[in-house]
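Here is how names work: the chains are called A, B, and so on, in the same order as the sequence lines, proteins then strands, and each is numbered from 1.
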Amino acid sequence: MSTTDQSAPASGAASPGDAPAQRYTAALAAQLELAWQQRWADEGTFEAPNPSGPWGDAAAVAGREPLFVMDMFPYPSGAGLHVGHPLGYIATDVWARYQRMNGRNVLHTLGYDAFGLPAEQYAVQTGQHPRVTTEANIANMRRQLRRLGLAHDARRSISTIDPDYYRWTQWIFREIFESWYDPEFLRPDGGRGAARPISELREAYASGRRQPEDGSTWADLDDVARRRLVDAQRLAYVSDAPVNWCPGLGTVLANEEVTADGRSERGNFPVVKRPLRQWMMRITAYADRLVDDLDRLDWPEPVKAMQRHWIGRSTGAQVRFALLDGPAEGGELEVFTTRPDTLFGVTFMVVAPEHSALDDLPATWPAGTPENWTGGAATPAEAVAAYRAQAAARSEAERTDEGRTKTGVFTGLHAVNPITGTAVPVFTADYVLAGYGTGAIMAVPGQDERDFAFAERFELPVVRTVQPPEDFEGGAYTGAGPAINSSNDDVDLDGLEVAEAKERITAHLERTGAGRAVTTYRLRDWLFSRQRYWGEPFPIVYDEDGLPVAVPESQLPVLLPDVPDYSPRTFAPDDVTSEPSPPLSRVPEWVNVTLDLGDGPKQYRRETNTMPNWAGSCWYELRYLDPQNGQKLVDPEVERYWMGPRAERAVRAADGTAVKDTGGVDLYVGGVEHAVLHLLYSRFWHKVLFDLGHVSSQEPFRRLFNQGYIQADAFTDVRGTYVPAAEVEETTSPTGAREFTWQGEPVTREYGKMGKSLKNVVTPDDMYEAYGADTFRVYEMSMGPLDDSRPWETRAVVGSQRFLQRLWRNVVDEATGEVLVTDAPADPATRALVHRTAAGVAADYEALRFNTAVSKLIELNNELTKLSSVPREAAEAMVLMVAPLAPHIAEELWSRLGHSGSLTFEQFPQADPALLVQQTVTCVVQLQGKVRDRLEVPADITEATLRELALASPALQRALDGRGVRTVIVRAPKLVNVVPA
RNA sequence: GCCCCCGUAGCCCAAUCGGCAGAGGCAGGCGCCUUAAAAGCGCCUCAGUGCGGGUUCGAACCCCGCCGGGGGCACCA
């Protein structure tokens with residue numbers, strides 16, 4: 001390589017006109033960028049040593065703080081990258097390069113999340129095997145990213161479709177399958193509840209320490225019954241519960257993948273609920289820990305809020321109401337409420353249409369049943385049957401669309417309030433959800449808006465049990481206030497505030513046995529199987545009893561078979577009667593196998609579902625650490641080194657106290673769209689691995705940062721058709737409005753995403769070609785704060801190129817290539833500016849404020865440009881400071897300045913504190929907040945002196961215009977504010 | 001409907017603890033260099049912080065109410 005070769009760029013390069021031979025043009029940038037990229041690769045510059053194992057290097061690790069930086073796992077799209085994609089990658093690269101220059105041992109790499117629906121669909125379109133297209137896409141993306149100059153450890157890049165990788169995905173599944181959740185287990189970290197080997201559960205049953213809940217006895221159960229009992233408690237289990245079936249995609253989906261209006265997040269197809277035999281993950285066992293540990297993470301608050309809401313923990317009480325009337329007499333109706341303090345205000349009850357209490361109803365309407373309660377039916381059974389049919393026919397979306405109008409019907413039943421002894425009517429209505437709490441509620445219209453709306457509709461009484469403010473005029477009052485109308489001989493809540501009232505009534509309920517304190521969650525178990533081809537096969541076979549057995553560790557991976565027919569069987573989007581048909585089930589020679597699982601060769605049938613897209617991304621951060629390990633998913637020593645908890649990295653709570661560190665990745669950057677899906681699933685898997693002793697960190701990602709999106713203008717003509725955005729011309733009308741034309745015709749600007757169909761895609765390749773990678777990197781970082789979304793503007797990129805060009809010219813003669821810096825010391829002003837810049841830029845880099853770091857560097861560079869010649873000390877500092885942002889030009893200049901090695905591990909310029917304090921400062925003199933004068937004063941001036949100086953200011957005196965002085969506020973040395981009498 | 005974030009020059013964005021509204025870039029203007037040109041050089045223009053109140057000696061920043069934009073949730077008892 002020839003980094004010091006000062007000959008002109010290759011003649012074939014697109015160098016405009018007769019530009020000086022050594023001008024920093026796109027062509028010269030390309031030349032030196034490619035050369036440096038090759039040198040970094042050849043020298044393994046960014047390969048991070050491990051403390052042990054195949055890449056272990058104790059000497060290289062000693063004395064350097066480890067730092068683990070990650071980007072969210074990209075999916076290798078067939079369309080390639082556009083300029084919006086690398087934003088986060090550049091940001092993490094700048095940060096990581098900066099940290100390396102401060103002595104950190106940085107691990108930064110990027111792998112590919114290559115299984116999943118989009119890869120399969122793309123393969124279907126192109127008629128090729130998904131592996132072929134996916135691997136081609138990965139190769140293209142690797143090329144685009146290498147050209148960007150990312151300082152990744154290429155050895156650690158993994159791909160989820162690699163059998164050496166998915167072997168461990170299957171291994172983790174196996175670990176989860178072979179575990180149950182013991183809520184009593186005392187964890188090493190002090191908490192209660194942990195995943196434990198399933199053998200412990202079996203032993204507990206065998207020894208009699210634990211009894212089956214259904215009253216049976218372990219000793220009396222046959223082998224199959226015992227297995228069913230144990231299987232039902234595994235963390236990965238088979239369930240027949242209703243699931244989200246999406247005919248249009250031909251697969252089932254997790255709750256997290258279904259939108260609020262009942263459609264698939266991907267493809268926007270209708271989704272219906274129907275019972276199907278599917279694999280589930282018991283994520284609900286971790287609900288409490290997933291909520292509680294959010295407080296220990298340095299994550300954006302909105303993401304934490306979304307996870308908290310998704311988990312939806314609410315505390316309250318379950319209360320039992322005795323049923324009267326008809327065949328149900330003697331039965332009970334159990335409700336969940338977060339407001340047990342309002343029990344005195346219960347005037348009716350509501351059960352979900354699916355509730356089992358509706359199976360036994362009185363034969364006739366009770367005497368005096370109002371006409372509008374019956375739905376026009378002759379008997380309660382008919383009314384309820386009709387309502388159930390109506391509710392079942394309604395989709396999730398329709399139920400929501402109906403908005404505020406409550407529907408429902410009386411069941412003929414009454415139930416007795418256990419506190420007041422009053423009998424209240426029981427209704428069924430679809431505003432009560434079967435899947436939450438107990439599927440039944442006590443209705444308190446005085447304190448609940450939904451209940452109030454229902455009560456109005458059916459003319460039910462309203463009893464207030466919380467005193468609203470005097471000016472309150474609404475229906476239901478949900479706010480704070482003292483309890484009223486809430487006492488009898490046994491219990492008295494009157495006058496208590498809501499929280500106290502809850503406490504007292506809950507204690508009373510527990511004492512009398514009428515209820516108990518209970519916590520419920522919105523979170524459901526995670527539906528884990530998909531009827532697709534392009535995913536990880538389950539390491540599961542079924543024996544002659546039809547029960548699942550894990551494939552032994554020694555037989556992993558279970559390879560995804562090559563099949564002629566890999567395309568999924570999909571259906572008309574509204575075909576609700578369709579049945580899932582996994583592609584793997586159509587390969588009988590793969591499905592039916594003879595295996596010896598320890599008791600001789602037997603026939604088994606393989607699981608034909610595959611894992612969801614999320615599986616591979618649930619643990620990939622761990623494999624980055626030790627990708628070549630054939631014995632373990634990660635060497636525990638290596639995991640502890642990179643991700644283990646460290647007291648000094650703990651986040652601070654709101655009150656400033658340090659929270660116990662969870663460990664995990666030091667910086668994880670990606671889009672906010674994964675707030676609940678990927679980030680919740682991977683936290684769950686990580687905690688299981690922690691419980692089972694495979695990792696020392698309690699959370700996968702200690703710090704999370706959500707980058708914004710780069711958006712782009714798109715333009716439509718009069719017909720509404722998109723026109724090529726690159727060809728649109730902008731003019732400013734006489735009135736100052738911006739106007740846009742394409743081929744002379746006016747077009748309309750739309751602001752949105754970048755995409756092929758919008759004809760507004762700009763690719764990194766376009767930018768490399770026109771400006772070079774460094775310019776592109778600087779521009780992306782200078783556009784605005786990393787977490788803001790902002791519009792792409794190609795014509796503005798030139799500003800970043802001018803900056804690098806000026807930097808180049810400050811060091812190198814454009815015509816001769818001669819190095820121009822002088823060895824004379826910098827003048828004090830220049831030196832001070834260099835040090836101020838170093839301090840500011842370091843702080844900006846550290847805090848991911850790259851836009852302001854760029855502006856400080858431009859400012860310094862502009863100052864250096866004004867000097868007759870640039871002193872070496874300033875030039876070298878400048879080069880080192882710009883290196884994280886524009887590494888190629890920095891390496892090249894560093895090299896031309898006479899250094900033989902890469903600057904990757906050079907110390908980032910450190911500011912001398914003595915040079916940061918300014919000798920004199922400008923003090924503003926204000927009169928009532930308005931600036932009237934400016935004074936140059938010594939930085940260490942005393943308040944009294946400054947006060948006198950300011951009051952003596954002629955400009956101030958003029959402004960005072962003879963008025964007296966009431967107060968003088970002095971903030972030495974920068975400000976004096978005079979308040980006139 | 002509820003919750004969260006954001007509104008600063010024609011555009012993208014700075015302003016560290018409530019203390020001089022402008023760091024940087026784009027676009028625009030003038031000039032220089034040039035046979036010519038710009039992806040060159042120099043200089044310049046441009047806002048009083050979405051609107052209305054309040055607190056304060058002092059508000060882009062804190063509080064209240066609107067308006068506009070973005071995101072999340074949406075019968076979760």
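For B:C57, the paired base is B:G19 (Watson-Crick or G-U wobble, both distances below 3.5 Å). With a cut-off of 3.5 Å on both Watson-Crick or G-U wobble distances, the partner of B:G10 is given as B:C26. Pair assignment for B:C33: none, as no Watson-Crick or G-U wobble contacts are both less than 3.5 Å.
Taking 3.5 Å as the limit, the base of B:C75 and the side chain of A:K406 contain a donor-acceptor pair of atoms between them. Counting atom types as modelled, A:Q926 pairs a side-chain N or O with a base atom of B:G19 as donor and acceptor under 3.5 Å. The base of B:C20 lies close enough to the side chain of A:R934 for a donor and an acceptor atom to sit less than 3.5 Å apart.
For A:R806, taking side-chain heavy atoms from C-beta onward, the closest of the listed nucleotides B:A39, B:G42, B:G19 is B:G42.
For A:R795 and B:G25, the shortest distance from a side-chain N or O to OP1 or OP2 is not below 4.0 Å. In this model, the phosphate group of B:A38 is not approached by any side-chain N or O of A:R23 to a distance below 4.0 Å at OP1 or OP2. Residue A:N861 places none of its side-chain N or O atoms closer than 4.0 Å to OP1 or OP2 of B:G24. OP1 or OP2 of B:C41 has not a single side-chain nitrogen or oxygen of A:T865 nearer than 4.0 Å. Distances shown here put a side-chain N or O of A:R809 below 4.0 Å from the OP1 or OP2 atom of B:C41. Between A:R849 and B:A23, a side-chain N or O to OP1/OP2 separation shorter than 4.0 Å is absent. Checking the phosphate oxygens (OP1, OP2) of B:G24, no side-chain nitrogen or oxygen of A:N851 falls inside 4.0 Å.
Between A:Y24 and A:W808, the ring planes lie tilted relative to each other; the angle falls in the 30° to 60° range. Between A:F454 and A:F348, the ring-plane angle classifies as parallel under the 30° and 60° cut-offs. Using a 30° and 60° split on the angle between ring planes, A:F336 and A:Y436 fall in the perpendicular class, above 60°. Between A:F427 and A:F458, the ring planes lie tilted relative to each other; the angle falls in the 30° to 60° range.
With its glycosidic angle more than 90° from 0, B:G68 adopts the anti conformation. Because its glycosidic torsion is more than 90° from 0, B:C46 is reported here as anti.
B:A14 and B:A9 have their C1' atoms separated by 13 Å, with the value rounded to a whole Å. Using atom P as the reference point in both B:G1 and B:G18, the two lie 34 Å apart (nearest Å). Rounded to whole Å, the C1' atom of B:U35 lies 26 Å from the corresponding atom of B:C43. Taking the P atoms as reference points, B:U45 lies 29 Å from B:A36, given to the whole Å.
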Sequence neighbours excluded and cut-off under 3.5 Å, please list the side-chain donor-acceptor pairs for residues 300-307 of chain A, or say none.
residue: A:K304; atom: NZ; partner: A:L294; partner atom: O; Å: 3.1
residue: A:K304; atom: NZ; partner: A:L297; partner atom: O; Å: 2.8
residue: A:Q307; atom: OE1; partner: A:R683; partner atom: NH1; Å: 2.7
residue: A:Q307; atom: NE2; partner: A:A675; partner atom: O; Å: 2.7

